[in-house]
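Here is the structure we will look at, set down as structure tokens.
From a predicted model like this one, the values you see are computed outputs, not experimental measurements. Naming convention: chains lettered A, B, ... in sequence-line order (proteins, then strands); numbering from 1 in each chain.
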2 protein chains.
Amino acid sequence: MTPAEENYLKTIYHLGKVSNQAVTTNSIAEQMDTKPSSVTDMIKKLSEKGLVHYKKYQGVSMSDQGNKIALSIVRKHRLWEVFLMEKLNFAWDEVHDVAEQLEHVQSEKLIEKLDRHLGFPRFDPHGDPIPSKSGKVLQVEKVLLSACDTGDKGIFVGVNSSSTEFLQYLDKLNLVLGDRIEILFKESFDDSLQIKAKGQKVTLSGKAAMNIYIQIDEL
Amino acid sequence: MTPAEENYLKTIYHLGKVSNQAVTTNSIAEQMDTKPSSVTDMIKKLSEKGLVHYKKYQGVSMSDQGNKIALSIVRKHRLWEVFLMEKLNFAWDEVHDVAEQLEHVQSEKLIEKLDRHLGFPRFDPHGDPIPSKSGKVLQVEKVLLSACDTGDKGIFVGVNSSSTEFLQYLDKLNLVLGDRIEILFKESFDDSLQIKAKGQKVTLSGKAAMNIYIQIDEL
DNA sequence: ATATAATTTTAGTTGTATCTAAATTCATAT
DNA sequence: ATATGAATTTAGATACAACTAAAATTATAT
């Protein structure tokens with residue numbers, strides 16, 4: 001597996017996860033900041049290797065074999081993110097780009113030893129689950145803040161974007177993974193939210209609310 | 001800088017270090033397990049970038065700029081080797097191949113934070129000095145065992161090969177970096193050596209002696 | 001001094017991953 | 001039902017880094 005192939009598999013995996021249907025050529029190109037024709041080329045290659053299911057003009061989806069590989073890359077990426085934050089004291093908005101490179105280092109032994117060194121973490125610094133060696137992914141019942149209503153309460157368990165700008169924005173708001181959040185008021189006009197976290201009132205734009213996951217309290 | 005360019009620079013740096021004269025195309029090809037024609041191509045490229053000095057048929061040598069880059073790669077390689085051994089408990093014969101990949105990860109911040117995390121080590125697990133951020137290399141007065149004579153005493157400070165076979169051979173002999181070594185007898189017939197280390201007598205072949213560095217006791 | 005051998009370079013090819021521009025197929029709107 | 005536009009694929013080109021085979025240069029040996 002080349003880094004390019006791995007990156008395509010990872011992207012197709014992620015896009016397929018959110019949409020739950022065949023992934024389009026254009027969406028892959030946009031996500032990877034490349035051209036649709038390049039995507040078609042690579043899809044053919046992955047298809048011939050049996051890593052994705054593909055029919056011309058009908059989009060792609062992961063094969064079992066491709067899924068396994070994608071999960072192993074996601075596992076590596078997230079373990080490295082934990083390492084960078086926990087051991088090297090990177091800020092959570094800095095880890096993504098470096099992990100993008102580290103995830104392509106080829107060594108089973110390395111990643112298993114890293115996993116042990118980190119104490120077998122189950123979530124990365126952005127709240128995303130770390131797939132197990134065998135490819136199992138813990139699924140937490142999480143909901144986008146934008147899908148919540150006035151009065152809902154829960155715990156901030158994940159973000160929908162790992163962009164530097166967004167993560168630094170959360171830092172400014174003093175919002176940290178694990179914070180207890182209560183929705184005080186939802187403005188239907190622009191979908192902005194008034195929330196309470198750590199005893200403080202905060203206003204979130206609709207866009208921000210679409211990038212924050214909470215785990216709603218059980219009844 | 002691509003990984004390929006970095007690997008060439010590193011190889012030319014190492015070969016230039018031992019010979020102290022222009023490095024030949026063939027020696028680079030042999031070292032990198034590639035063909036001389038491929039080497040010529042890359043040398044031209046590096047030369048155009050001003051990273052090496054090159055005249056057709058006359059071999060190459062490092063430019064100041066190339067030297068700086070080579071040293072930064074060596075620095076990364078050796079810091080990762082320390083990390084793999086100290087933090088992840090790799091054996092010293094396993095670290096080289098993984099470090100070969102990790103050294104190409106591009107992030108100044110990563111390597112500085114790794115350096116701090118490791119406590120600013122000055123030597124790697126094979127006894128080689130780790131270049132400083134600014135490119136300074138601690139030079140230890142070390143001598144090949146094969147160049148020593150009966151009666152010489154010193155400390156085992158480095159190896160001349162990082163091959164798995166050789167390092168595991170040393171493990172079998174129970175010889176560890178830092179061991180005090182005394183040369184009991186040098187057989188001039190085949191250059192084999194009788195040495196004493198940790199109170200035990202050991203016989204070393206001439207070939208083994210050419211891969212072990214000791215720092216001879218000061219008078 | 002010159003023939004022979006070794007080394008190095010050149011020329012042309014291959015595989016990977018990208019691109020642009022053009023052609024094809026699909027979706028949709030009247 | 002067909003025209004229009006969007007999405008996708010194909011065809012052909014480029015850059016990188018390797019290769020083989022042949023040519024050019026340097027080293028060496030008689």
Rounded to whole Å, how long is the line connecting atom [atom1] of [X] with atom [atom2] of [N]?
{"X": "Ile43(A)", "N": "dA7(D)", "atom1": "CD1", "atom2": "P", "answer": "15 Å"}
{"X": "Lys44(B)", "N": "dC16(D)", "atom1": "NZ", "atom2": "P", "answer": "14 Å"}
{"X": "Met1(A)", "N": "dT16(C)", "atom1": "CE", "atom2": "C1'", "answer": "14 Å"}

Show me the protein contacts with nucleotides 25-28 of chain C, counting only N or O atoms at under 3.5 Å.
residue : atom : partner  : partner atom : Å
dT25(C) : O4'  : Tyr57(A) : OH           : 3.3

Could you pick out which residue, Thr2(A) or Ser27(B), lies toward the 5' side of DNA chain C when each is mapped onto its nearest nucleotide?
-> Ser27(B)
Aromatic centroids of Phe83(A) and Phe83(B) separated by under 6.0 Å | yes
Given the side-chain rings of His96(B) and His77(B), with only the six-membered ring counted for Trp, is the space between their centroids under 6.0 Å?
-> yes
Using only side-chain N and O atoms of Thr25(B), determine if any of them is under 4.0 Å from OP1 or OP2 of dT9(C).
-> yes
Contact under 4.0 Å: Asn26(B) side-chain N or O vs dT8(C) OP1/OP2 | yes
Looking at Phe90(A), does the NZ or CZ of Lys113(B) lie under 6.0 angstrom from its six-membered ring centre and within 45 degrees of the ring axis?
-> yes
Would you confirm whether Thr25(A), through its side chain, and Pro36(A), through its main-chain N or O, come within 3.5 Å as a donor-acceptor pair?
-> no
Hey, does the side chain of Glu30(A) reach the backbone of Ser27(A) with a donor-acceptor pair shorter than 3.5 angstrom?
-> no
Taking it one step at a time, do Trp92(A) and Asp171(A) satisfy side chain to side chain donor-acceptor pair (under 3.5 Å)?
-> CA-CA 9 Å; Trp92(A) 75 334; Asp171(A) 284 342; 3.1 Å; yes
Could you walk me through whether Asp190(A) and Ser192(A) pass the side chain to side chain donor-acceptor pair (under 3.5 Å) test, one step at a time?
-> CA-CA 5 Å; Asp190(A) 60 0; Ser192(A) 68; 2.9 Å; yes
Kindly give the atom pairs (protein nitrogen or oxygen, nucleotide nitrogen or oxygen) under 3.5 Å for nucleotides 18-21 of chain C.
residue : atom : partner  : partner atom : Å
dT18(C) : OP2  : Tyr8(A)  : OH           : 3.4
dC19(C) : OP2  : Thr34(A) : OG1          : 2.6
dC19(C) : OP2  : Lys35(A) : N            : 3.2
dC19(C) : OP2  : Ser38(A) : OG           : 2.5
dT20(C) : O4   : Ser37(A) : OG           : 3.0

Set of salt bridge (Lys or Arg N to Asp or Glu O under 4.0 Å) partners for Asp93(A), sequence neighbours left out = none
